[in-house]
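Take a look at the structure set out below.
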Amino acid sequence: MSASPPASNAPATPRRRRIGLDGHTAFVYALLIVGATVLLIPFYWMLTNSLKTESGASLIPPTLLPLATYVEVEGQELEVALSEKDDAAGTIRVTVEAGDDHPMTGKSFVVDQADVVERVTPRWSNYPESLERMDFANALANTTIITLACVIGQVLSSSLVGFGFSRFRFRGRNFLFILMLSTMMLPPQVSMIPLFIGFRYLGMIDSFWPLILPMWLGSPFYVFMFRQFFTQVPEELVEAARIDGATNLRIYWQIMLPLSQPVIAIVAIYTFMFTWNDFLGPLIYLNSPENRTLTLALNAFNGNYGVSDVQLLMAASFVTMLPCIVLFFAAQRYFMDTGASSGLKG
Amino acid sequence: MEARTPMQTLARGMRMLLALVALLLVVWSVVHVGARELGRAQEAWSDTRTELTILHWGDNAEIEIVDSLVRAFEAENPDIRINRLHASDYDTKLNTMFAAGTPPDLFYLSADNMSKMAGLGLLHSLDDLVQDDIAATGEDWLADFFPVLLDTFRFDGTTQGAGPLYGVAKDMTPMVMYANLDLFRRADVEVPYDGWTWDEFDVAMERISALDDPGGKVYGSVVASWPAVLRQTLWTYGGDYFNGSDFGDVTLDEPEAMAALQRIRDMRFGNEANGVPITSYNATSGDSQGLGEQEFYTGRVGVVGPIGRWRTPRFRDIRGFDWDVVPFPHGAGIEPATALATVSWSMSVNTRHPEKAFRLLKFLAGPEGQKLTAASGLAVPCARSVANSELFLQSDQRPKNSKLFVELMETARVGQMPPQAEFGRILNEEVEQAIRLDNQSIAVAAEAVERRWLAELESPLRNDAFPKMPWLTVGAITTGGLAVAVIGLVLWLRREKLGAIDRAQERAGWTFISPWILGFLLLTFGPMLISLLLSVSRWTSMQPLAEAEFVGFGNFAHLFQYDESFAKSLWVTTYYALLAVPVGQVFALLVAVLMNQKVRGIAVYRTIFFVPSVVSGVALATLWVMMFDNDKGIINRILDPILGVVGLNAPDWFGTDAEVFAIPAYVIMALWGVGAGMVIYLAGLKGIPPSLYESARIDGANRVHQFFKITIPMLSPLIFFNLVMGIIGSFQVFTQVYVMTGGGPGNATLVYVLKLYREAFEYHKMGYASAMAWILFIVLLLTLGVVRSSKSWVHYEGLK
């Protein structure tokens, strides 16, 4: 294939304007709308549950919105919990839940069913509460540092190795390249235990090193992507630099890297996503609470006695995944353009 | 430079802002972590005090208790500094700390795990320290403890109750039932403060279940059934897991035990033959230990139990109804029985400061600690004088019947578990099949538990003596092999003389790929070699590597002949792969074709379809558990009316239908992230020359023909690539299952890597786990070999 990044942005065919929808287009839109709705449901469910009270989140059947019930008592509208519905008399028992400070809280009486009103009541306070519970600032700082170190290491090492495989002739190159690709098939579980033992003998348990160091030694898949891209760089460009006296390292740094921006973006983003969401690595290697990453802090909501305060977990989950989504929107063009494919083709 | 539209300017501004935020975040993180690490280093440098590490669990109230005790202790003992660690995922944390060779000096240890830990030789015996302390102070502070608590933490190598002392109970609780008094009143049932028989219980449950409530159905009870409390139900029928302390004699198939299990099953699923209605809520989703308490909270459950005192502080928040504690029912003519849950402070055998650690232990479990425990309401204090005082009874607070906890201590006992932790796992897996999923009869479950447990005990791997691993020989052979390889490589490289340019090329090439070479040797080749060696050894990660024993193919023999859950985990993983890979690829391809349509607004839809694939893991696991919940989840709320049209019900994914539907539920979860595969296919679609379609159209081919005759062949290399990556990924699925269902219910979701993780990091059987890793590797290799050999459908011209 050819290096085609700019070409694919141009519309391939002139856009035809239509007034009505033909059958095909209508069908496409129907699929798109149904699919998008289904895919957005989990996000919605997370958001709505993060704004409910704990008992609100465990209602059977569930409610679609964070609702609360109110009754007017002495001119004041107070939040209540319901019980003992009596359809024959048309009454229901309510118990006031107006916060711990309110004098009426805990009072219980029977009212007319018609007097109870239901309104959407999002609990925004779930957010600060859950962030405090999971020691968010600390976990965020740890995760940021680990992720940053991993992204830098992965981009540098994979591009270096990819450069080596693409622009130099040396004996054993093809063998090593195929060997590298075949290691992609190895389940990481095979090396997990010996690696753990190794890091234990190095005294690196409960530090960030076991999570970061492997990322500085290149990953086969990303090396492969860089190599494919570098192979397409015209030889004249490199030759010209070499005639000007540039060293190999300089060619790599000043010509190859700047050219490979789309691949760098893809490698960086995928490494970011992987490290940010990694669970098994931190679970095995980190012990101290102050070293916890976001995923470990989230898992701490699954306590010894099951999940309590599901609504806080939802709020924390939402905040944790936000950076991934923001990053995705910022880097969208790399995902959707040729970047991802440029490494795979050829 | 062309002029920008306002949208472009806005997007640019947003990106700048984002970059700035990211930069600030990075700077702040570096400062934050840097300052923390510096502080720690400085503290470690300037602080000459002895450091003791302690590990505990618990909610905020408990953290406060331990923390205030630690501060008070530090104030009294200026020569000691305490590093207090807290973990919610406690067992994992404790296990990895031991596996890492850095166990805490003192840690919480529940009575069920004591014999396992003592059996592995991980616990420090406390008798000498206790005697020294009595001699020094002249008073025996343990004399005030309920005697049963001291016996519980004694272990002589085979049974609990005798032998050295391995822990001092920090608190305890007998198992009781929490009763919703309002429901009892409305159902006109007398509250059974003085105990009740199972027959009286049944009458009460039927009456309470018949009540009506605006929030949903009212249930008589939620009966907890995790192994430690299930035993209490067995006891009330006169049954038990074992014949006394003979762990080789499983008595689950005796009529008493079977009747108890049958009762739980019938309450949850009903039994028309015996006229038993459903009165018990079968809360099947999520972690088995959290069941029922949430339902009780909603006010629609009559009684919940057996559970301990630990729920009291949380239930005190209940405002909608009044509640109290009552005893657990018992069979007619059989003595009431109460299980005792207790947690000790135990000491690691590796502690470097046993005297100082014991001083701390005495402080934590002694009078100070007992008083704080009593006041918190979380547990019953172990000291009799404190338990009988107003400090614990708290007559101004619920439960009014707090003295029940103290009274039950007359008869409460701890069920002995064998030191092999596998029993609890086997029991849970098989019994859950019967009483939570209703997949197999009680008799079959009892038979299976006995069969699997005896196989585990009989395995040669467990009983035979093996020689030590000959590490010296192995090391010598490895070193020799490596030396030969290096010399051979050098000779091979020297064989032909190279010109200066070629030599420079060669040197530069090797230099640039050296990071990967290093990575290959250190992260792949070396570990694989070690893993291969471990797979023929028996080695507990608590011991030094020199202690490893050579067992030949013993690990493999055990896997295939004595461990039924191994075959199960292979099947579960295969089931997942068989569903997830084809379904995932078909969806990814179809969505990519859809996204390739040239309709207006397609960019927005591409975004929506792709976004789910960028979030993954823990953040979503609990969300999906909630969504798949049969009662509270949105998925069945949508599916039920749709399936209702054809007269079907939506499956209880992780509940009663888990055996068949839990894995498909995980596949659906994976499908949500279809965007990752979609984007690769989309890029491929864009690379197909439009001229191909043009000529096909001229030849009269319709869209379906075009798809099968042009699109698929042209994409075949990508399909092949995605297929290979998909197979690899699906064999390694772990995080979701670990967090969401933990292999259960039964073992319906016991995927391969989860089992491997457990063997390595929960049972510390590193050799056994390595053998499993190699089997996974071989299975994967064979599968990929088959996929590769059928490559004739792949057309490479598509990518030229």
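As the structure is a computational prediction, the values presented were derived from the model and not from experiment. So that the names make sense, note that chain A is the first sequence line, chain B the second, and so on, each numbered from 1.
- Contact of B:Trp28 with chain A is made through the side chain alone, with heavy-atom distances under 4.5 Å.
- Interface remark: B:Met772 contributes no atoms to any contact with chain A (heavy atom separation under 4.5 Å).
- Of the two parts of B:Leu623, the backbone and the side chain both hold a non-hydrogen atom closer than 4.5 Å to a non-hydrogen atom of chain A.
- Contact of B:Leu534 with chain A is made through the side chain alone, with heavy-atom distances under 4.5 Å.
- With salt bridges taken as basic N to acidic carboxylate O contacts below 4.0 Å, none links A:Glu290 and B:Arg36.
- For the pair B:Phe520 and A:Leu176, the minimum side-chain heavy-atom distance is 4.5 Å or more.
- Taking the side chain as every heavy atom from C-beta outward, A:Asn138 and B:His32 approach each other to under 4.5 Å.
- For B:Tyr738, the part lying near chain A is the side chain, with the backbone staying farther off; criterion is any non-hydrogen pair under 4.5 Å.
- Using a 4.5 Å cut-off between heavy atoms, B:Leu489 does not touch chain A at all.
- Neither the backbone nor the side chain of B:Thr511 comes within less than 4.5 Å of any heavy atom of chain A.
- With a threshold of 4.5 angstrom between heavy atoms, B:Trp492 approaches chain A through its backbone and through its side chain.
- Side-chain contact between B:Ile602 and A:Leu32: present, with at least one pair of heavy atoms (C-beta onward) separated by less than 4.5 Å.
- For B:Leu780, the part lying near chain A is the side chain, with the backbone staying farther off; criterion is any non-hydrogen pair under 4.5 Å.
- Contact of B:Ile635 with chain A is not made at all, since no heavy-atom distance falls under 4.5 Å.
- In this structure, the portion of B:Gln597 lying under 4.5 Å from any heavy atom of chain A is its side chain and not its backbone.
- A:Phe168 contributes atom CZ, which lies 5.0 Å from atom CZ of B:Phe512 (distance to the nearest 0.5 angstrom).
- Looking at B:Arg507, neither its backbone nor its side chain comes within 4.5 Å of chain A, counting heavy atoms on both sides.
- Neither the backbone nor the side chain of A:Leu213 comes within contact range of chain B; no heavy atom of the residue lies under 4.5 Å from a heavy atom of that chain.
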